[in-house]
Every structure is written in C-alpha cells, then in structure tokens.
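Chain letters run A, B, ... following the sequence lines, proteins first and then strands; every chain starts at 1.
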Number of protein chains: 4
Amino acid sequence: MTRVAIIGAAGYAGAELTRLVLGHPGLDLVMVTSASDAGKPVSGLYPALANCDLTYVEPNVRDIVDAAEIAFLAVPHTAALAIAPSLVEGGLRVIDASADFRLRDAAVYASWYGTPHTAPDLLDHAVYGLPELWRDSIPGARVVACPGCYPTATLLAAAPAVEAGIVVSDRVIVDAKSGVSGAGRSAVPGTHYVAVNESVSAYKVASHRHTPEIAQGLSDLGLAHPRVAFTPHLVPMSRGLLSTVYLEVAPGTDAGEVHALYASRYAGEPFITVHESGRMPATSEVRGSNRAHIGVAVDEHSGTLIVTCAIDNLVKGTSGQALQCANILLGIPETTGLDLPVPVI
Amino acid sequence: MTRVAIIGAAGYAGAELTRLVLGHPGLDLVMVTSASDAGKPVSGLYPALANCDLTYVEPNVRDIVDAAEIAFLAVPHTAALAIAPSLVEGGLRVIDASADFRLRDAAVYASWYGTPHTAPDLLDHAVYGLPELWRDSIPGARVVACPGCYPTATLLAAAPAVEAGIVVSDRVIVDAKSGVSGAGRSAVPGTHYVAVNESVSAYKVASHRHTPEIAQGLSDLGLAHPRVAFTPHLVPMSRGLLSTVYLEVAPGTDAGEVHALYASRYAGEPFITVHESGRMPATSEVRGSNRAHIGVAVDEHSGTLIVTCAIDNLVKGTSGQALQCANILLGIPETTGLDLPVPVI
Amino acid sequence: MTRVAIIGAAGYAGAELTRLVLGHPGLDLVMVTSASDAGKPVSGLYPALANCDLTYVEPNVRDIVDAAEIAFLAVPHTAALAIAPSLVEGGLRVIDASADFRLRDAAVYASWYGTPHTAPDLLDHAVYGLPELWRDSIPGARVVACPGCYPTATLLAAAPAVEAGIVVSDRVIVDAKSGVSGAGRSAVPGTHYVAVNESVSAYKVASHRHTPEIAQGLSDLGLAHPRVAFTPHLVPMSRGLLSTVYLEVAPGTDAGEVHALYASRYAGEPFITVHESGRMPATSEVRGSNRAHIGVAVDEHSGTLIVTCAIDNLVKGTSGQALQCANILLGIPETTGLDLPVPVI
Amino acid sequence: MTRVAIIGAAGYAGAELTRLVLGHPGLDLVMVTSASDAGKPVSGLYPALANCDLTYVEPNVRDIVDAAEIAFLAVPHTAALAIAPSLVEGGLRVIDASADFRLRDAAVYASWYGTPHTAPDLLDHAVYGLPELWRDSIPGARVVACPGCYPTATLLAAAPAVEAGIVVSDRVIVDAKSGVSGAGRSAVPGTHYVAVNESVSAYKVASHRHTPEIAQGLSDLGLAHPRVAFTPHLVPMSRGLLSTVYLEVAPGTDAGEVHALYASRYAGEPFITVHESGRMPATSEVRGSNRAHIGVAVDEHSGTLIVTCAIDNLVKGTSGQALQCANILLGIPETTGLDLPVPVI
C-alpha cells in the first residue's frame with residue numbers, strides 16, 4: 001500500500017480525490033489537510049463519506065513528508081508553487097491539480113496569472129498529465145501537472161484531427177459549458193442557487209486562464225501557432241463539462257473518414273468512448289466517472305469539423321485524472337480504483 | 001378592440017401568446033383552437049391562467065374567419081401552410097410563428113423541411129418579423145413570418161457588426177444553448193426530466209433547420225454568401241436561450257469601438273439592452289420578458305468578435321415577438337402589452 | 001399617485017416589490033434604500049429591471065419621511081423595529097414585510113426571536129395583513145405586518161376547516177416545502193447551488209420562528225390552544241412554497257362536503273383558486289403571481305383532512321401581499337397592479 | 001460466481017441493478033431482459049454503462065431458468081405475479097422489486113391494486129426484504145419481496161420508536177418527497193422536464209399504494225392498528241427520497257433519550273447513519289449509495305417525534321436493497337458490491 005496525502009482536501013476536487021483514494025485497493029490515505037477546515041471530520045463536511053473516519057489537519061510540510069509517499073495537491077494556484085518544491089525535496093511524488101505546473105513557459109504563467117512563477121526549475125521536471133495524449137512522459141516524473149478541466153475535454157476532442165493534419169486553419173473556436181462545481185465550494189453571489197438556476201451565461205470571455213493551456217496543448221499536438229477563441233459558459237448543473245470544438249477542415253472532408261480516424265485513435269483507451277457517427281454525448285453519461293465521451297460531426301457547408309467531448313469536471317477533469325496519473329507512476333493498471341460502476345442516471 | 005384568434009393555442013408558444021393577448025389592452029381574445037385538446041378549458045391545461053374562462057375549440061377556417069381579424073398561428077410547420085392561405089383569403093392578417101413562411105426561397109424550404117412548399121405565391125407576400133432589424137417591412141403585410149428562436153438571438157447578436165462591415169470572413173460559428181421548452185410540450189424520451197437534468201449536450205449538429213434561416217438573415221444584413229456552422233445545445237432549464245456568435249474581425253479591431261457600435265445601433269430600441277463592455281448577459285435576466293440582452297467582447301489574439309445574446313425563447317423567441325409584430329400591424333406603440341414587470345429572479 | 005419608498009430594496013423581497021410597484025398605475029416609486037448596496041443602480045443588481053433608472057440610497061429616516069407617503073419595509077427582523085416608529089411618527093403608513101409586528105404578544109416575540117420587542121406600543125396599532133382572512137382590520141392601520149410566507153400558505157389552507165369547526169384536535173401537523181429564495185440573497189454554504197441541487201432536506205425542525213405565528217393565526221381562526229408541529233423543508237427550486245397541512249377530523253367526514261366548504265369560503269376571492277376535489281396544486285402554477293392555489297383531500301382511514309396550498313413565496317408570500325395590503329389602505333381595487341399575466345410555465 | 005438474470009432490466013431500477021451486479025465480485029450477469037427494448041445494447045440505452053457489452057433479450061421463462069440461479073424482477077406489478085411462480089418452480093431464487101409479494105394479505109393486495117392476487121400460495125413463501133428490520137427472515141426464502149421506496153424510508157424512520165413503545169397514538173402522519181425517477185422511465189406529461197422543474201406538488205393523496213405496506217410494517221413493528229396518513233410529493237430532482245414521519249409521543253419525552261434510542265438501534269448497521277441530535281439528512285448525502293441517513297427531533301410543544309430518513313430511491317429504495325438481500329441469501333457479507341465510493345456532491 002502506497003501512503004497518500006491529499007493537500008487541500010476539503011474543496012470539491014479534494015473531496016472527490018478522498019472518495020476515490022478511499023476506494024483504491026493500492027493506496028492508503030494517511031492524511032487529509034485543509035487550512036480552512038482543520039479539526040473537522042471529513043464525514044461532517046461531506047456526509048456522503050459517512051464511513052470515513054479521517055479528520056482534516058493543518059497542512060504542514062514536515063508532517064506530510066513524514067507520512068506520505070505521494071501528495072495530491074488540490075489547492076488554488078500559487079499555493080502549489082509554495083509547497084511543491086519542499087515536498088519534492090522531501091522525496092515525494094507530487095500530483096498537482098492546480099495550474100502552477102501546467103504551462104511550460106514561466107513567462108506565459110506570469111502573464112496570465114498575474115504573478116511570477118517562483119519555481120521555474122521545478123517546472124522543467126514537471127510533466128503534463130493527460131495520459132491518452134502524452135502517456136509516455138508520465139512514468140518517472142517528480143511532478144505531474146494535471147490539466148485543467150476545460151483543456152482536458154478540449155484537447156481530447158481536438159487531438160485526433162490535429163495529429164492527423166486535417167485541420168487547415170490555426171484559428172480554433174472552443175465553446176465550453178460547465179456545471180457549477182467548477183467554480184469551487186466558496187459561497188459567493190455567482191454560486192448562489194438562485195443566480196445559477198434557470199440560467200446560462202458566458203463568463204471570462206476572451207480572458208479565461210485555460211486559454212494558453214489549450215493553445216500549448218494544440219501546439220504540442222502539431223498545430224502551428226494556434227489562435228484559440230475560448231468561451232466558457234456556466235450552466236445550471238452541479239457537475240459535468242462539455243466542450244464544443246470547431247476546427248476548420250478542407251472542403252470535401254468526409255464525415256465517415258473523420259469518424260473512423262477518431263475511433264481508431266482512441267481504440268483501446270479504457271476511459272474514452274467515441275460515439276457512432278453523428279451521435280453527440282451528454283454530460284450525464286459520464287457523471288461520477290473518469291470517462292470521456294466524444295461525438296464527431298462535419299458541417300460540409302462551412303467546412304467545419306465539430307467535436308463535442310463530455311467529461312465530469314471533478315473526475316476526468318480533476319481528481320480521476322490525478323488518480324489515473326498516480327496509477328501510471330506506480331506502474332499498476334491505469335484503471336485501478338477508477339473502473340467504478342457509476343449511477344446510470 | 002381587435003378580435004384575435006390563436007391557432008394551436010395549447011402548446012407552450014400558444015399558451016404564452018394566450019397570456020400575453022389576455023393582458024393586452026387593445027386585443028380581444030375570441031378564440032383559442034387546439035386539435036389535440038379541444039373541449040378542455042385553458043385553465044385546466046395551464047393552471048397559471050386560472051382566471052381565463054376560455055375553452056379550446058377545434059380549428060375550423062370558417063369559424064376563425066368569422067370570429068377574428070388577426071390570427072396567430074402557433075402550429076407545427078406544414079400546418080401553417082395548410083391554413084394560412086384560407087385565412088388570408090378570408091381577410092385576416094396572419095402572424096405565423098411556424099417556419100412555413102420564413103424562407104423566401106421555396107426550394108430551400110423544400111430542401112430543409114423535406115416537403116414541398118405548397119403556398120409559394122403567399123410566400124411573396126410574407127415578411128420576416130424581426131422588428132429591430134427589418135421594422136419597415138412589417139406594416140401592411142398580410143403574413144408576418146416570425147423568426148425562429150435561434151435566428152432571433154443570433155441575428156440580433158450579429159447585425160451591428162455585419163451591417164457595419166467589420167466582419168472579414170463569411171464563415172460564422174453559432175453555438176447556441178436552449179432550455180427544454182424549445183422542444184415543445186410533447187412528452188418524449190428527450191424531454192423526460194431525468195434525461196435533461198444535470199446534463200448538457202449538442203443536438204442536430206450540422207443539420208438544424210434554423211441554419212438556412214440564419215444564413216438568409218446574415219445575407220440580408222450584408223454578409224455575402226454566409227457559411228454558417230450552427231450547433232444548438234440543450235441545457236437543463238425550462239426557458240431561456242443564449243446564442244454565442246463568433247465573427248472573424250480584422251487584427252487590431254478595438255473592443256471599445258465595437259461596443260460603441262452595438263450601443264449606437266440599438267439605442268432607443270425598447271426591448272434591447274447592450275451591456276457595458278465585457279459584461280455578458282444571463283438568460284435569467286430576460287425570463288418571461290420580450291427583451292434581448294447583448295454582451296460584446298473581442299478576442300484580440302484570434303481576431304474574433306464574440307457576441308452573446310440572451311432571450312426568452314417563448315417570448316422574444318416566439319410569442320412576444322409575434323405580439324410586437326401585431327402592434328406594428330395595428331399601428332400602436334410596439335411595447336403595448338409587452339412592457340410587463342417580470343419577476344426579478 | 002401615492003409616493004412610495006421601499007426600505008431594504010436590494011434583497012429578493014425588496015426587488016420583487018420594486019418590480020410590482022413600478023408596474024402599479026397608482027404608485028410612484030420615489031426611493032429605494034439599501035444599506036449594503038447604496039450607490040448601485042437597480043438595473044445593475046437586477047438586470048431584469050433593465051428599464052428602471054433608480055439607484056439604491058442609504059436609508060435615512062428624514063429623507064424617507066420627506067419623500068414618501070407609504071414605506072414598505074423589506075428588512076430583516078429587528079431592523080423594522082428600529083425604523084418603523086420614526087416613520088409612523090413622520091406620518092407614513094408602514095407596510096412591514098419583516099417579522100417584527102406579526103406577533104401580538106411581545107413576550108412571545110422576545111422568546112422566539114431572542115431579543116426584546118422595543119416597540120410594544122406600536123404593536124398595539126399593528127394589524128396582521130392577510131386580507132383573505134382578516135380583511136376588515138386593514139383599512140386605517142398605521143402599521144400592516146405582512147405574514148410570513150409559511151404562515152400565509154398554512155393559514156389559507158387551514159382556515160375554512162377551522163372556521164367551520166370540523167377540526168377535532170388541537171394538534172396540527174404542518175409540513176412545508178420552500179424554494180431557496182426564501183433563504184435570502186446572502187451567499188452562504190446553504191445557498192450554494194451544489195448544496196441545494198438534487199437534494200431535499202428538513203431544517204429548523206421544531207424550532208422555526210414561523211411556528212408561533214401559525215399558532216396565533218389558528219387561534220384567531222377559532223382553534224383553541226393549537227399545538228403546531230411545523231417542519232419546513234428546502235427543495236431545489238428558486239421560488240415557490242407548498243404547505244401540506246394535516247388536520248384531524250371526525251370519522252365519516254365527507255370529502256365532497258369539505259371541498260364545498262372550501263370552495264364556498266373562497267368564492268369571489270380574486271387571488272385564490274380551490275382546485276376540483278382531489279386535484280392538488282403545484283407551485284409552478286403560481287410562479288410570479290399573487291395567487292394561492294389550494295387542494296383538498298380527506299384520508300378517511302386515519303381521519304385526516306389534508307390540504308395543500310401553493311404560493312410564490314416572494315409574491316403572495318411577501319411582496320405581492322404587501323402590495324395587496326397597500327391597495328386596501330388606499331381604498332382602490334385589491335387587484336390593482338397584481339393582476340399580471342404571468343408566464344404559463 | 002452465481003449466475004444472475006435481471007428481468008425488466010431496461011427501466012431505471014433494472015438499469016441500476018445492472019450497474020450494481022456488474023460491479024459485484026460474486027455475481028455473473030448472464031441475462032438482461034426487456035419486453036420493450038429487446039435487441040438493443042445496454043450501452044445504447046444507458047451510455048453510462050459504455051463498457052457493458054450485454055444486449056436486452058425478450059423475457060422467456062425457459063431461457064431464464066436455464067441460464068440463471070437468481071432472478072431479479074424489476075417489472076411492474078402484476079408482471080411479477082405472472083412470472084415468479086414459474087421461476088421458483090424452475091429452481092431459481094427470486095428477488096422481486098415489484099409490489100406483488102409485499103402485502104401478506106391477498107385481499108389487501110386486490111383492494112389496493114384493483115386486481116386479484118393470482119399466486120396466493122407463493123405469497124406464503126415470500127419474505128419482506130428490509131434487512132435492518134427483519135434480517136432473520138431472509139435466508140432460505142424462495143421469494144424476497146423488496147419493499148417500496150417510500151416504505152423503506154418510512155419504516156426505517158419509525159422503527160426504533162415504535163419498537164421501543166414510545167409512540168402513544170396509532171395515527172401516523174407520513175409526508176414524503178421523491179425525485180422524478182420514482183415515476184419511471186416512461187415519457188408522460190407528468191415527467192416532462194417543464195412540468196417538474198421549479199415545482200413541488202403532492203400526488204395520489206390518501207390513495208397511494210404504498211400506504212397499506214407502511215401500515216403492515218408498522219403493525220409488524222408493534223403498533224396496533226396503525227392509521228397512516230401518507231402524502232407523497234414530487235420534487236424537482238432526478239433521484240432521492242426523504243420521508244418525514246410524525247409520531248405522537250408522551251409529554252416530556254426527552255429528545256436526547258430518543259436520539260440515543262435511535263443511535264443504539266442502528267449501531268453496527270453498515271448502511272445506516274443516525275445523525276447527531278437535531279441534524280437532519282439531505283438526500284444528496286446518499287445519492288448513488290445504499291445508505292439511509294436519519295435525523296431525529298422532538299417537538300415538545302405538540303408532543304411530536306419528527307424523524308426524517310433520506311435514501312436514494314433507486315438504490316436503498318430498490319436495486320441496492322435487492323442486492324443486499326441477494327447477499328444475505330448467498331451468505332456473503334451484506335455490503336459486498338455495495339460499499340462503493342459514491343460522488344461526494
């Protein structure tokens with residue numbers, strides 16, 4: 001059993017990690033930390049974890065290093081910067097769900113996050129933890145930077161087409177829709193039930209911090225100088241994320257061939273389903289699971305490949321993917337602890 | 001008082017028309033027809049209209065012609081084709097909320113709706129009832145074809161930029177999100193609460209019938225040969241529609257100038273609000289009202305103008321717009337019966 | 001035009017009052033105050049009121065007295081105690097939506113609200129503003145204490161049976177369900193979308209402050225020494241309130257006769273509908289309106305009269321009822337400004 | 001591995017059983033039948049089960065008997081009557097989620113279900129499968145009749161008090177709230193998203209078929225001649241059920257003692273949590289799990305013990321409980337396949 005600590009365990013992502021690690025046969029959850037909820041029992045904050053007898057403790061580097069072999073960071077950006085170097089020095093593997101080690105270029109980080117990157121050396125040793133696209137880079141990493149929820153769905157949607165070279169324009173439109181848990185556990189006016197219910201709206205248009213991460217990923221996949229217009233929307237649901245990606249393709253591009261390309265690219269991937277041609281996924285299909293469901297269509301008139309990808313923002317979009325990366329680090333089957341039967345509706 | 005009949009009054013759009021006509025000081029609702037619910041009291045089907053003492057009757061051309069001066073058609077496509085000519089011959093003004101008289105080219109209609117257009121002559125006398133864009137064409141019309149809900153929001157979002165000539169590509173991406181009432185009152189698997197709740201998905205990708213209507217409107221606004229990629233999505237809410245429109249603009253396009261352009265174009269329009277620069281509308285803002293709220297942003301990196309427009313699909317998207325057109329036909333203030341104080345949340 | 005000020009106008013109830021007063025033909029809204037949002041435009045906080053050009057101002061007794069003839073108080077309890085006496089002295093009629101003047105016995109107030117009642121003299125001049133039950137007491141009052149949302153629905157549900165003397169036990173069970181807006185506009189953990197969505201739970205069991213108000217009302221209706229078990233529940237919806245009231249009746253009580261009793265009692269009441277026997281109301285029927293819809297059933301086996309009453313907690317439960325009381329004070333038709341056509345779904 | 005067939009597998013309960021059996025280490029799902037969806041793949045109807053490669057087949061007694069050792073029936077009432085005797089004769093254990101074998105008195109069944117009970121002999125060999133209350137009766141049974149969702153939550157809520165003899169009246173008020181999945185997968189007007197959303201209402205007041213089942217259970221627990229007033233309500237959520245039970249207790253009944261009674265009664269039960277005194281459960285706590293969470297309060301003024309019990313109607317209320325009973329039949333730990341980590345929100 002590998003000893004695990006979850007840092008920032010009281011937020012939604014941390015809590016989902018808690019439930020997944022508790023159900024994992026090879027991991028032993030030895031510590032859950034929370035600066036804001038230290039002293040409270042996990043089962044008090046999350047009654048769904050009624051059988052968990054852990055209590056949140058203050059995060060303390062010394063204690064974490066003594067207790068654990070792997071640390072999951074489910075903290076806000078800059079907080080991972082503050083703690084990850086010490087944990088790595090202490091010999092831990094760090095799986096970071098924050099944004100701090102996702103962008104390889106520290107200057108891009110500084111520009112989008114409005115604060116300097118204080119651990120650029122460690123950045124060189126971090127890998128981007130999206131197994132279906134860059135699986136080989138993960139084993140051996142000291143720091144795994146787990147992708148943001150929007151980049152996960154968007155890059156999975158775009159990858160087969162970009163890799164195959166059928167995208168003819170570097171201008172990519174990404175229109176994404178997320179449930180409210182993506183905004184975190186804080187009670188603010190924007191997360192009030194009344195503000196969210198019966199409403200849909202765009203937010204952070206042309207300014208969301210996942211934009212450079214999507215661009216970096218598209219570039220890595222082979223699209224030169226991507227220009228990404230990314231518009232996230234808030235929809236009235238607790239969980240779930242759908243990314244609708246618009247890629248320009250050549251006139252005459254055949255829908256069937258594109259579908260075959262996608263089916264082939266993801267054949268054998270345990271967490272990905274490419275729906276039959278023309279069928280589009282709903283986020284409810286993947287609620288609670290680490291799966292990504294993808295639908296492909298070609299609009300011939302406008303020369304547009306339209307791909308939608310549905311994930312659970314808190315699982316494949318965060319905590320499940322983190323655990324998937326941990327499985328890879330540990331050299332055990334990638335699906336361990338993640339092949340759960342999830343409610344069908 | 002002008003005598004009004006609503007044909008197809010038992011559906012959602014017809015019922016919203018019923019409530020609006022009942023509250024209109026210059027209209028007298030003399031008849032509500034429904035082929036499926038004839039004999040039932042309106043208040044039984046829609047208890048919110050508890051004070052309405054009308055009963056649905058079978059639609060009968062002779063009776064309608066005898067009783068009414070204006071007929072609102074809230075029937076499915078092809079049903080309007082079947083009845084509108086007789087009503088016009090009988091001397092009525094027809095305000096049609098169906099798709100049957102929106103496309104000027106009967107061949108385009110036949111192609112998208114899979115059935116020939118059986119009243120092409122009347123098509124020549126029909127006008128497209130989107131007052132904020134083509135107000136002058138409405139007075140004197142025998143048939144007003146009210147726009148679809150998606151085209152209404154999309155064309156209002158695109159018009160100022162297209163008219164001003166700042167759109168540099170004919171390829172337009174439209175990503176729209178609608179509440180479930182847009183799918184109508186029929187109980188089918190896709191409208192089951194469990195199928196809709198906690199889920200978002202795209203549907204009819206690259207094949208929705210509002211596509212040619214959007215293209216026709218963009219062309220009328222001055223965009224030559226528009227190529228429209230239109231993706232509607234279903235979101236878990238009863239009412240509301242948001243259209244997110246992506247228009248390519250020249251490098252260096254100034255966000256402030258674009259915002260000023262929009263504010264100027266819609267100044268004085270009683271039902272349109274252009275939000276301050278960068279602020280995006282939520283559908284809840286317009287729930288129950290005939291208003292359209294618009295937000296404008298420019299993504300400089302990708303050269304994209306992103307405009308979102310929020311409407312209530314059953315009011316500005318259907319019944320309210322129909323009533324607005326009726327006011328124009330009658331030569332009375334356009335806001336009559338439509339300036340209702342709607343619930344603030 | 002009677003000049004009106006709304007004190008505490010930035011909360012949900014105050015905002016709904018704002019929209020209703022703006023739509024009222026006999027009232028002139030001269031001032032909206034908010035301690036927390038002074039300086040902000042109404043249309044900024046509530047974009048649904050896009051056409052309103054008022055700005056919130058700090059509450060100041062002198063200014064209010066100078067400006068208005070009627071003051072609506074939509075403030076938390078104790079805040080009404082602090083300001084109402086000065087407003088009455090200044091010559092204003094006060095319509096108070098808070099709890100401060102509902103309970104006639106200052107000691108009961110002190111016991112349930114945990115603070116002494118600081119204006120017991122004014123209490124003697126306050127009336128309880130539930131027109132359908134105690135209409136005659138309202139004209140001439142200096143202070144109208146509008147009932148709480150739960151007591152409104154509960155007392156309307158119980159009144160005909162209690163008045164008729166068919167209730168055989170003083171033990172009354174009230175199980176009520178409310179939408180989240182009843183908890184107010186504050187963003188707290190309990191109003192977070194994720195906490196509310198897909199969940200129902202009881203709260204403040206055996207301790208909710210509306211309990212003594214329900215008991216006082218039942219006593220006034222003729223039930224000696226009522227013993228009320230009141231359990232409010234939170235359900236995932238923005239608006240709406242349903243009270244299910246269980247009254248013990250004698251064996252052999254006839255369902256048809258009880259229904260006739262209810263229909264007769266409320267005949268002619270413009271805002272109340274008693275559904276046909278056995279049909280129960282849904283809160284969606286009354287969304288946005290000042291209506292109360294009532295359903296009646298008798299469970300013969302257990303000797304229980306079961307009555308459900310649906311209201312919109314923010315209209316008949318608060319702001320609409322306040323306006324109805326204002327109409328009575330002004331001697332104008334009770335439905336003025338309240339007979340709005342509300343969305344049918 | 002025990003071979004299992006699920007009869008009626010395409011409904012919500014059957015689909016949840018499918019996912020639970022697929023995740024169970026000791027069961028082998030050999031057949032899923034559906035009269036309406038035969039020929040369709042499970043993963044087509046329920047994309048959440050994307051990894052399941054089973055296809056629905058027509059139900060055929062011979063085939064079921066040949067293939068399986070245990071049959072779960074997730075069919076409507078009367079359909080279980082039609083098939084269960086043959087399956088038992090064929091040597092199978094039958095776990096029936098329908099209502100057909102719950103009521104011991106065939107005449108009561110006939111009276112409430114409006115049809116004669118056609119297998120009264122088998123009724124004598126059926127046991128009521130609510131393990132926490134009547135665990136000892138289950139091993140060895142040929143037919144286990146799983147309780148309805150409402151009786152499950154209600155009886156778990158009432159049992160400790162009734163067993164302890166502190167309930168002083170035979171008149172019991174049960175006010176329950178259910179999500180929409182309880183109404184099944186059929187698309188009917190009452191399950192349309194628009195009909196359910198933003199609304200709460202009572203249904204089948206004084207006439208719901210779970211009433212005699214609740215009464216039978218209360219009687220078995222020791223309450224002589226229970227008179228049950230049961231009012232189910234529909235609330236806008238997909239899953240979840242809360243039963244609020246009002247039991248009359250003697251004056252002076254101590255809340256702390258009652259709480260201790262409940263905590264003691266359910267100590268060691270793996271699926272039940274009794275919350276600390278005064279804290280009430282929310283249905284979201286148990287979403288997707290086989291757990292029941294219980295809260296206890298005493299209203300001293302009215303002499304009422306108020307207990308709320310939250311379950312997932314499709315798990316502890318149906319499919320999970322069926323599997324729990326199967327575990328007992330098989331003599332394996334009761335939590336096998338049911339101790340899943342469920343999403344925390």
Asks: So what's closer than 4.5 Å to chain A heavy atoms on B:Glu300: side chain, backbone, both or neither?
Replies: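 Contact with chain A involves no heavy atom of B:Glu300 at all.
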
Asks: Quick one: of B:Ala195, B:Ser207, B:Ala215, B:Pro236, who has the most non-hydrogen atom pairs under 4.5 Å with chain A?
Replies: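 The option with the most such pairs is B:Pro236.
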
Asks: Among B:Thr244, B:Val194, B:Ile345, which residue has the highest count of heavy-atom pairs closer than 4.5 Å to chain A?
Replies: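 Ranked by contacts with chain A, first place is B:Thr244.
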
Asks: Heavy-atom pairs under 4.5 Å with chain B: which of A:Met280, A:His233, A:Arg287 has the most?
Replies: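 Option with the greatest count: A:His233.
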
Asks: How far apart are the closest heavy atoms of B:Ser199 and A:Thr283, and which atoms are they?
Replies: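 Smallest heavy-atom distance, with atoms named: CA-OG1, 3.2 Å.
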
Asks: Atom CG of B:Asp299 and atom NE2 of A:His208: how far apart are they, to the nearest 0.5 Å?
Replies: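 The distance works out to 13.5 Å.
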
Asks: Using heavy-atom distances under 4.5 Å, tell me whether A:Pro281 contacts chain B through its side chain, its backbone, both, or neither.
Replies: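 The backbone, not the side chain.
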
Asks: Side chain from CB out, backbone as N, CA, C, O: work out which of these in B:Val298 comes under 4.5 Å of a heavy atom of chain A, or both, or neither.
Replies: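 B:Val298 touches chain A through backbone heavy atoms alone.
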
Asks: Picking from A:Lys204, A:Lys177, A:Glu198, which has the most non-hydrogen pairs under 4.5 angstrom with chain B?
Replies: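 Greatest number of close heavy-atom pairs with chain B: A:Glu198.
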
Asks: Non-hydrogen atoms of chain B under 4.5 Å away: do they reach the side chain of A:Glu285, the backbone, both or neither?
Replies: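 Neither; nothing under 4.5 Å.
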
Asks: Which distance, rounded to the nearest 0.5 Å, do you find between the CG of A:Asp175 and the CD1 of B:Ile306?
Replies: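 So the gap between those two atoms works out to 9.0 Å.
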
Asks: What are the two closest heavy atoms between B:Val174 and A:Tyr246, and how far apart are they?
Replies: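 Minimum heavy-atom contact is O-OH, 3.9 Å.
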
Asks: Which of the residues B:Thr231, B:Val172, B:Thr308 is involved in the greatest number of heavy-atom pairs with chain A at under 4.5 angstrom?
Replies: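 Answer, by heavy-atom pair count under 4.5 Å with chain A: B:Thr231.
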
Asks: Pull out the residues in residues 220-229 of chain B that come under 4.5 Å of chain A, heavy atom to heavy atom, sorted by number.
Replies: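 Under the 4.5 Å heavy-atom cut-off, B:Pro226, B:Arg227, B:Val228, B:Ala229 qualify.
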
Asks: Taking all atoms of both residues into account, what is the closest heavy-atom pair of B:Leu247 and A:Arg171, and its distance?
Replies: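 That closest heavy-atom pairing would be C-NH2, 4.0 Å.
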
Asks: Determine the option with the most heavy-atom pairs under 4.5 angstrom with chain A, choosing from B:Ala282, B:Ser284, B:Gly278, B:Ser302.
Replies: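 Ranked by heavy-atom pairs under 4.5 Å with chain A, first place is B:Ser302.
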
Asks: At their closest point, which heavy atom of A:Ala297 faces which heavy atom of B:Val205, and how far apart are they?
Replies: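 Closest approach of A:Ala297 to B:Val205, heavy atoms only: CB-CG1, 3.6 Å.
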
Asks: Given that the side chain runs from C-beta out, which part of B:Ala202 has a heavy atom under 4.5 Å from chain A: side chain, backbone, both or neither?
Replies: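 When you check distances to chain A, atoms from both the backbone and side chain of B:Ala202 fall under 4.5 Å.
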
Asks: So which of A:Gly240, A:Ser238, A:Gly179 has the largest heavy-atom pair count under 4.5 angstrom toward chain B?
Replies: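 Greatest number of close heavy-atom pairs with chain B: A:Ser238.
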
